[in-house]
Participant: 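Structure in structure tokens, see below.
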Amino acid sequence: MRNMINPISAFKKQRTFRVDILTLFLTLFLISFSTTIWFNYDKQKESTLDLAKKFDQQVSHIIFERLDFFFKNFEYFIEASSVIFNINDSNMEENGPIGRYFYSVVENNPDLTRIYFSTKDGNGFSIDSIKDSGRTNYISDPSKPLPKDARFSVEIFNNSSEPKSANRFYKNAQLETVGTETYPTPYDPIVRPWFVGAVNHHELYWTPIYKFFVDKKLGITVSLPIYNKKKELVAVLAADLTLDVFSQFLSKQSIGENGKAFILNKNGDLIAPTEDPNNALISPKALSEAFAAYQLHQKSNFLFTSNKIDYLAHIQSASFVGEESWLIVIIVPLKDFFSHSILIQKEILLLSLLLLSISVIVISFFSKRISKPIVQLSEEIHRIQQFDLSETKQPKSYIKEILLMQKAIESLKSAIRSFGRYVPHEIVRDLVQRGADITLGGEKKELIVFFSDIGGFTSIAEKYPTEHLMPLLAAYFDGLSKIIIEEQGTIDKYIGDCIMALWGAPKEIRDPESCAARAALRFQIFLSKFNAERRKNQEPEFKTRIGISEGLVIVGNIGTSERMNYTVMGDAVNLAAHLQDLDKIYQTATIISEPVQSKIKDLFVTRPLDLVRVKGKSSAVKIYELFGLYKGDPTLCAKPEEIELCRLFTLAYQLFEEGKSQEAKSAFEEILEKFPHDYPTQFWLERF
């Protein structure tokens with residue numbers, strides 16, 4: 001005992017090295033500080049210039065991606081618009097379906113200048129917004145102002161009339177005609193670039209930049225040929241974009257204090273901005289010299305000087321529309337990047353001295369308090385080994401290493417909690433306590449497999465913004481997941497809007513079929529309350545479809561040594577997913593397989609639905625609809641009329657199975673008289 005070292009006293013003896021540690025810290029700090037200042041001073045311009053180049057490149061890339069998205073979105077829009085074309089005399093009128101759609105498009109797309117179409121004979125019409133076009137007077141009489149409530153301008157193409165003339169109607173917000181005019185025009189749509197290009201290419205086509213016929217503005221047009229079933233050209237759909245749209249887009253791009261973005265064609269001609277705002281540092285001459293330097297050196301990043309001002313330029317070639325290449329040009333005066341360099345140097349010096357002083361004080365004072373938080377953290381690690389993840393009082397420390405350890409331990413606890421949400425709790429506890437790695441492997445077991453899905457979720461997702469839909473989906477999953485856990489189920493995974501769960505693994509339970517059936521019934525009760533709240537808030541409602549099957553599956557850790565998942569595989573999984581899908585056909589809430597029904601039929605009200613063929617099985621599978629309990633929890637019990645419906649339906653189905661088709665038909669007809677809204681009965685009667 002005399003030779004045993006007291007760890008407390010030993011730790012105190014180590015405190016005598018505090019001065020040496022502090023001296024070493026100060027020496028290293030001063031060496032690092034002086035080296036850093038020298039290196040920073042020597043390399044400041046190089047690093048800042050490199051950062052500036054990356055900044056310009058990133059801005060150019062952002063502009064490219066936004067423009068690319070803009071054009072792709074416009075292409076998608078014009079292709080989607082072609083769906084409305086079912087060419088006949090009634091809907092080709094400007095007040096027909098196509099016209100009404102065009103009004104809506106113009107109203108809701110301020111970037112779009114004009115939308116129009118022309119048949120192969122040169123007949124059609126165009127619609128544009130009076131506000132967006134900037135037109136204030138009649139075309140035929142420029143001294144005559146347009147009606148104050150004029151909102152849309154509609155031009156009718158009639159290529160068969162001689163001499164050619166244009167009929168233009170001005171309409172208000174209610175699409176009532178508030179003004180008309182007719183004037184001679186040589187306009188022939190079938191010889192315009194957008195028409196010819198679409199016809200020659202036989203697909204969606206972007207024109208080069210050209211001058212629009214009506215307002216003489218420069219712009220581009222996207223057009224799409226429309227063909228009938230015989231592959232004959234019927235019409236060409238088109239929409240105009242003026243170069244003003246790109247000017248407005250570039251004006252919103254912030255590039256430092258004086259930087260600016262341009263779009264040029266491959267010859268160096270300016271596309272946008274069409275109107276140059278006041279910018280004394282970046283003149284047209286500077287832009288021209290930047291393009292000349294780009295052509296000479298063929299570098300995307302380069303420095304150049306114009307009017308004794310140094311600039312950094314980035315030029316990127318991009319193909320957005322058709323076969324024409326554009327250039328995205330970013331020009332920034334170098335002084336934008338270096339104006340604060342000297343100030344930063346001084347701030348670094350002052351901050352370093354301040355940090356040195358503070359560090360000396362902190363290290364001297366808190367070195368005495370290192371041992372206590374380390375012991376506390378050690379105890380915390382021991383609790384984690386015992387799978388005790390409860391919140392505990394955190395040690396107080398200002399030492400960076402201690403804080404990092406504390407943060408790491410909290411992250412570990414959080415990760416284990418999160419891991420428990422992916423893998424059954426019992427498996428996680430066993431792994432933590434054993435300290436062993438997960439290994440691949442599985443076993444064959446009879447399990448209950450459960451699939452739930454939201455009916456029509458794709459349509460709901462298309463109508464509602466993601467930021468509004470995701471909280472609803474989270475609340476939905478939270479409620480349903482709690483029900484599964486409360487009914488002793490294990491959540492295998494979430495697949496989009498679908499939940500896959502199982503009963504009987506990893507922990508065996510009594511009567512797993514009844515647990516899964518109760519979970520399905522509780523789902524519908526939860527969903528009823530959930531949807532009532534949604535209706536109150538005018539939010540989308542969810543309809544849950546459920547499939548439950550039972551069978552021999554492989555359950556365990558499946559995957560690779562690097563990535564694995566605790567899950568199940570087998571026919572029962574595929575069958576449960578297929579049963580959930582069948583709910584759409586029979587308009588039911590929950591469909592269960594025959595093995596499940598055979599074990600719960602004395603407790604739960606069910607009825608046979610059909611014999612169905614399932615991929616991968618040689619024989620048909622008998623399926624049942626689940627209604628509720630015969631007795632017990634009143635919220636889960638089937639209603640008397642549901643019990644009666646199931647009894648009568650089962651008798652009728654048995655008659656059909658016995659080959660008594662006529663008697664079965666009569667029985668189903670009697671059921672329909674008593675339950676006129678029962679879709680499975682209607683479904684069966686349609687078979688006879």
Side-chain angles (χ1 to χ4, degrees), residues 448 450 452 455 487 511-528 543-550 575-576 578-614 619-688:
I448 302 296
F450 178 107
S452 74
E487 292 295 341
D511 200 9
E513 298 84 4
S514 296
C515 292
R518 277 196 303 271
L521 297 176
R522 290 180 62 187
F523 264 36
Q524 302 304 330
I525 295 173
F526 166 82
L527 196 64
S528 177
K543 180 181 179 182
T544 299
R545 300 190 299 258
I546 297 170
I548 304 175
S549 69
E550 181 179 22
L575 179 58
H578 187 69
L579 296 182
Q580 171 268 126
D581 239 1
L582 290 176
D583 280 312
K584 291 185 287 186
I585 298 176
Y586 297 94
Q587 297 185 15
T588 54
T590 304
I591 294 180
I592 61 178
S593 66
E594 188 173 19
V596 176
Q597 191 271 345
S598 66
K599 294 182 180 179
I600 67 170
K601 61 184 179 181
D602 295 332
L603 299 175
F604 291 83
V605 178
T606 62
R607 67 169 169 181
L609 281 178
D610 208 344
L611 280 172
V612 296
R613 292 281 180 182
V614 179
S619 58
V621 177
K622 194 171 184 179
I623 61 174
Y624 292 79
E625 180 182 7
L626 176 68
F627 278 87
L629 287 165
Y630 278 108
K631 60 182 179 179
D633 187 345
T635 61
L636 303 181
C637 285
K639 299 176 183 177
E641 58 269 24
E642 291 176 336
I643 297 175
E644 177 65 10
L645 170 62
C646 290
R647 185 185 70 81
L648 295 175
F649 194 97
T650 302
L651 292 174
Y653 186 88
Q654 289 173 350
L655 289 172
F656 178 81
E657 283 187 318
E658 294 169 1
K660 302 175 182 179
S661 299
Q662 193 58 42
E663 295 179 29
K665 180 180 179 183
S666 300
F668 279 122
E669 288 174 344
E670 292 177 5
I671 295 173
L672 191 61
E673 290 180 4
K674 193 169 184 179
F675 302 95
H677 301 295
D678 184 51
Y679 181 78
T681 302
Q682 300 173 24
F683 182 87
W684 270 95
L685 284 173
E686 290 175 359
R687 289 184 169 185
F688 292 102

Participant: If you round to the nearest 0.5 Å, how far is CD1 of I671 from CZ of R647?
Facilitator: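 Rounded to the nearest 0.5 Å, the CZ-CD1 separation comes out at 9.5 Å.
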
Participant: Between the main-chain N or O of P676 and the side-chain N or O of Q682, is there a donor-acceptor pair closer than 3.5 Å?
Facilitator: yes

Participant: Can you name the nearest heavy-atom pair linking I548 to T590, along with the distance?
Facilitator: CD1-CG2, 4.2 Å

Participant: Measuring from atom CD of Q580 to atom CG of L575, what distance do you get when rounded to the nearest 0.5 angstrom?
Facilitator: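 It comes to 11.5 Å.
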
Participant: Without placing hydrogens or testing angles, list every side-chain donor-acceptor pair under 3.5 Å for residues 601-611, not counting sequence neighbours.
Facilitator:
from, atom 1, to, atom 2, distance (Å)
T606, OG1, Q597, NE2, 3.1
R607, NE, E625, OE1, 2.9
R607, NH1, D678, OD1, 3.4
R607, NH1, D678, OD2, 2.9
R607, NH2, E625, OE1, 2.9
R607, NH2, D678, OD1, 2.9
D610, OD1, R687, NH1, 3.1
D610, OD1, R687, NH2, 3.4
D610, OD2, Y586, OH, 2.7
D610, OD2, R687, NH1, 3.3
D610, OD2, R687, NH2, 2.2

Participant: Taking side-chain contact (heavy atoms from CB on, under 4.5 Å) as the definition, give me every residue that meets it alongside E642, ordered by chain and number, with sequence neighbours left out.
Facilitator: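 side-chain contact (heavy atoms from CB on, under 4.5 Å) check on E642 returns F627, A638, K639.
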
Participant: Which distance, rounded to the nearest 0.5 Å, do you find between the CG of L645 and the OG1 of T650?
Facilitator: 8.5 Å

Participant: Decide side chain to side chain contact (heavy atoms under 4.5 Å, CB included) for T681 and F675; before the verdict, give the C-alpha distance in whole Å, the side-chain angles of both, and the deciding distance to 0.1 Å.
Facilitator: CA-CA 9 Å; T681 302; F675 302 95; 5.9 Å; no

Participant: Which residue pairs satisfy the side-chain hydrogen bond (donor to acceptor under 3.5 Å, both in side chains) criterion with at least one member in residues 661-673, sequence neighbours excluded?
Facilitator: none

Participant: Would you call the rings of Y653 and W684 parallel, tilted or perpendicular if under 30° counts as parallel and over 60° as perpendicular?
Facilitator: perpendicular

Participant: Distance from L636 atom CG to K631 atom NZ, nearest 0.5 Å?
Facilitator: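 Output value for this atom pair is 15.0 Å.
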
Participant: Give me the atom names and distance for the closest heavy-atom approach of I448 to E513.
Facilitator: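 Answer, listing the atom of I448 first, then E513: CD1-CG, 3.5 Å.
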
Participant: If I compare all heavy atoms of L579 with all of G547, which pair ends up nearest, and what's the gap?
Facilitator: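 Closest approach of L579 to G547, heavy atoms only: CB-CA, 3.9 Å.
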
Participant: Any idea which heavy atoms bring A516 and F450 closest together, and the distance?
Facilitator: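 What the structure gives for the nearest pair is O-CE1, 4.0 Å.
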
Participant: Is the side chain of S528 donor-acceptor paired with the backbone N or O of I525 at a distance under 3.5 Å, no angle test?
Facilitator: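 No, the answer is negative, given that no donor and acceptor are paired below the 3.5 Å cut-off.
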
Participant: Which pair of non-hydrogen atoms, one from S549 and one from S593, has the smallest distance, and what is that distance?
Facilitator: CA-OG, 3.4 Å

Participant: Which atom pair, heavy atoms only, marks the closest approach of I585 to Y679?
Facilitator: O-CE2, 3.1 Å

Participant: Just how far is it from atom CG of L629 to atom CD1 of I600, taken to the nearest 0.5 Å?
Facilitator: 9.0 Å

Participant: Can you tell me how far CZ of F656 sits from CG of L651, rounded to the nearest 0.5 angstrom?
Facilitator: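 Reported to 0.5 Å precision, the distance equals 15.5 Å.
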
